[in-house]
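A short worksheet on the structure shown next.
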Amino acid sequence: MNDYPTGIGFEDALQQVMALAATRRTDVRSVALGRAHGHVLATDVVSPLALPPFDNSAMDGFAFRHADLTGAPLRLVGDRFAGPAGEAAIGIGECMRITTGAPLPAGADSVAIKENCLVDSGHVRVPLDTPAGANVRRAGEDVEVGQTVLYAGALLTPARVALAAAAGVATLGVARKPSVAVFTTGDELVEPGLPLAHGQIHDSNRDLLMGLLRADGLEPTAWPALPDDPARIEIALRDAACAFDVVLTCGGVSAGEKDHVPAVLERFGRIAFWKVRMKPGMPLLVGELDQAVVLALPGNPVSVLATYLTLGRALLDGLQGRREPRPHWRARLSAPIEKKHARREFVRGLLEPRADGTLAVGPNAATGSHRLRAAAESNALIVVPDGPQSLAAGDAVDVLPY
Ligand code: AMP
Ligand code: MG
């Protein structure tokens, strides 16, 4: 257990997590659109249709031939409503009443808006300044037949699922979401709702982790906190590792006498890396046990936040084959940050929009990765790069909103 004295750099850890995830991609399944939201798409979607499928009206009004706009009223020869429609055509000097989404009658090339027209005894006066092609949505202007509209690796947002629906694609190939087993560890932990004896604290990380995972669209399963008992930890982790894609633990992963998680991995699985040069979160361990990837996070709540939002999320995204990067946020510091150590640091901060269109982030003065209140009063982690830094107010920094 002495082979991991200083740990690896943060970027190295990130690369290793992504490489490991790429070898353990979850299987692909076909799901109905109603189940597709929030999944990562696994197969490209090609539209069998043009969108719109036919020329149609963008407004309620009158379809006409622009060449007929001479000042004389146009003869009203019928109507076209949205819905299944047979062939219809207009001739010279004619127009047809039309509703939004109704197919344009043959011969028509423009639509005048209803409110701007005068209808009088079967004739319609259309404003002379109506431009040619006005209020017509052309077939295929959004998507052409055979065009790839969604790519494997994309997160299925509501708009993307809706695009598949519009193209008539009823099922999508998606990556199965990884199953995640969540374990908290520590003899000091007591369930919220139960009284504390001296020396005990409530288990807050379980709710933190479950919330983070659920907010990322996963359905994690949690156990009651494990005691710092090597046999109990071994049995629980090995059991979960047979059935889950990811076993996520927190606590018991440092160098203390009661930190038993690394030994279980060393003995029954494989340690990919242990200890990362980051603050907080240094004792993080990533490994493999049976069919699961093990992500062993340190116990301090802010370490859980920083390690989950960076490496944990990268692992879960990678297992699902997500290629689309997470949205990248930058903000301007509203107070300076100084650090002397070499590790990458994650500082709690409050992200706020400013009137000038920029984002400001104010570092929280509280130090100490146990201070959950400071985390609760913040909404982002400020990324302070590797190496000594003296960042001034106004400097731009990366931020991870949570
Ligand atoms: P450990 O990593 O087990 O040494 O724990 C580091 C610190 O985090 C200790 O102060 C623990 O009491 C605290 N801690 C560990 N697990 C939890 C938890 N589930 N909820 C709240 N605090 C925890
Ligand atoms: Mg502990």
Side-chain angles (χ1 to χ4, degrees), residues 1-2 4-7 13 180-215 218 220-237 240 246-266 271 273-287 294-312 343 345-348 364 366-378 381 402:
M1 298 272 79
N2 293 325
Y4 311 91
T6 55
V180 186
V182 174
F183 291 97
T184 52
T185 68
D187 285 338
E188 72 277 33
L189 299 181
V190 171
E191 296 298 315
L194 297 180
L196 298 179
H198 183 62
Q200 293 181 319
I201 59 169
H202 289 118
D203 183 350
S204 53
N205 283 345
R206 189 175 56 223
D207 285 294
L208 177 59
L209 276 168
M210 294 298 278
L212 289 164
L213 290 158
R214 287 186 178 128
L218 300 166
T221 307
W223 273 255
L226 290 171
D228 290 317
D229 170 351
R232 299 272 294 273
I233 290 177
E234 176 198 317
I235 291 165
L237 299 194
V246 176
V247 171
L248 212 172
T249 67
C250 81
V253 74
S254 322
E257 286 68 23
K258 295 280 183 179
D259 294 331
H260 303 301
V261 174
V264 174
L265 268 289
E266 178 145 271
I271 295 177
F273 61 83
W274 183 19
K275 295 175 191 161
V276 178
R277 290 196 291 275
M278 63 189 288
K279 184 186 176 188
M282 171 90 172
L284 174 91
L285 180 153
V286 171
V294 177
L295 186 65
L297 311 182
N300 276 308
V302 185
S303 308
V304 170
L305 256 184
T307 50
Y308 178 82
L309 292 174
T310 54
L311 301 168
R343 290 182 280 161
E345 185 161 354
F346 300 90
V347 176
R348 287 153 289 199
N364 192 298
T367 53
S369 52
H370 60 295
R371 295 182 68 168
L372 204 41
R373 177 174 166 188
E377 287 172 352
S378 305
L381 292 178
Y402 63 81

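Counting convention: from 1, in listed order, for ligands and their atoms alike.
If you check each of D187, D259, V190, L208 against atom 4 (O) of ligand 1, the one with the closest non-hydrogen atom is D259.
Looking at I201 against ligand 1, only its side chain comes within 4.0 Å, counting heavy atoms. By the criterion of a heavy-atom distance under 4.0 Å, both the backbone and the side chain of N300 are placed next to ligand 1.
A donor-acceptor pair is defined here as one N or O able to donate and one able to accept, closer than 3.5 Å; no such pair exists between the side chain of D203 and the backbone of E191. Counting only distance, with no hydrogens or angles, the side chain of N300 and the backbone of S303 share no donor-acceptor pair below 3.5 Å. Although no hydrogens or angles enter the test, the distance criterion places a donor-acceptor pair under 3.5 Å between the side chain of Y402 and the main chain of A375. Panel note: side chain W274, backbone L284; no donor-acceptor pair is recorded below 3.5 Å. With hydrogens and angles ignored, the 3.5 Å screen pairs no side-chain donor or acceptor of R371 with any backbone N or O of P301. Listed for the R277 side chain is a donor-acceptor partner under 3.5 Å among the backbone atoms of G7.
Using a non-hydrogen distance threshold of 4.0 Å, H202 registers as a contact of ligand 1. Ligand 1 is approached by T185 to a heavy-atom distance shorter than 4.0 Å. For D203, the closest heavy-atom approach to ligand 1 falls below 4.0 Å. Within the structure, the closest approach of S204 to ligand 1 falls below 4.0 Å when heavy atoms are considered. Contact between H370 and ligand 1 is absent, with no heavy atom of the residue lying under 4.0 Å from the ligand. Under a 4.0 Å heavy-atom criterion, G252 is in contact with ligand 1.
Less than 4.0 angstrom separates some heavy atom of T184 from each of these atoms of ligand 1: 19 (N). Remark: ligand 1 atoms within the under-4.0 Å shell around heavy atoms of L189 are 17 (C), 18 (C), 19 (N), 20 (N).
The closest side-chain donor-acceptor pair between T184 and N205, if any, does not fall under 3.5 angstrom.
Using a cut-off of 4.0 Å between Lys/Arg side-chain N and Asp/Glu carboxylate O, R348 and E377 are scored as not salt-bridged.
For a threshold of 3.5 Å applied to N or O pairs, the pair formed by P298 and ligand 1 contains no separation below that value. Backbone and side-chain nitrogen or oxygen atoms of G299 are examined, and one is located within less than 3.5 angstrom of a nitrogen or oxygen of ligand 1.
Of the residues listed (I233, I235, T249, V294), the one engaging V264 in a side chain to side chain contact (heavy atoms under 4.5 Å, CB included) is I233, and it is the only one.
Of all protein heavy atoms, the one lying nearest to atom 17 (C) of ligand 1 is N205 ND2, 3.2 Å. The shortest contact between atom 11 (C) of ligand 1 and any protein heavy atom is with E188 OE2, 3.0 Å.
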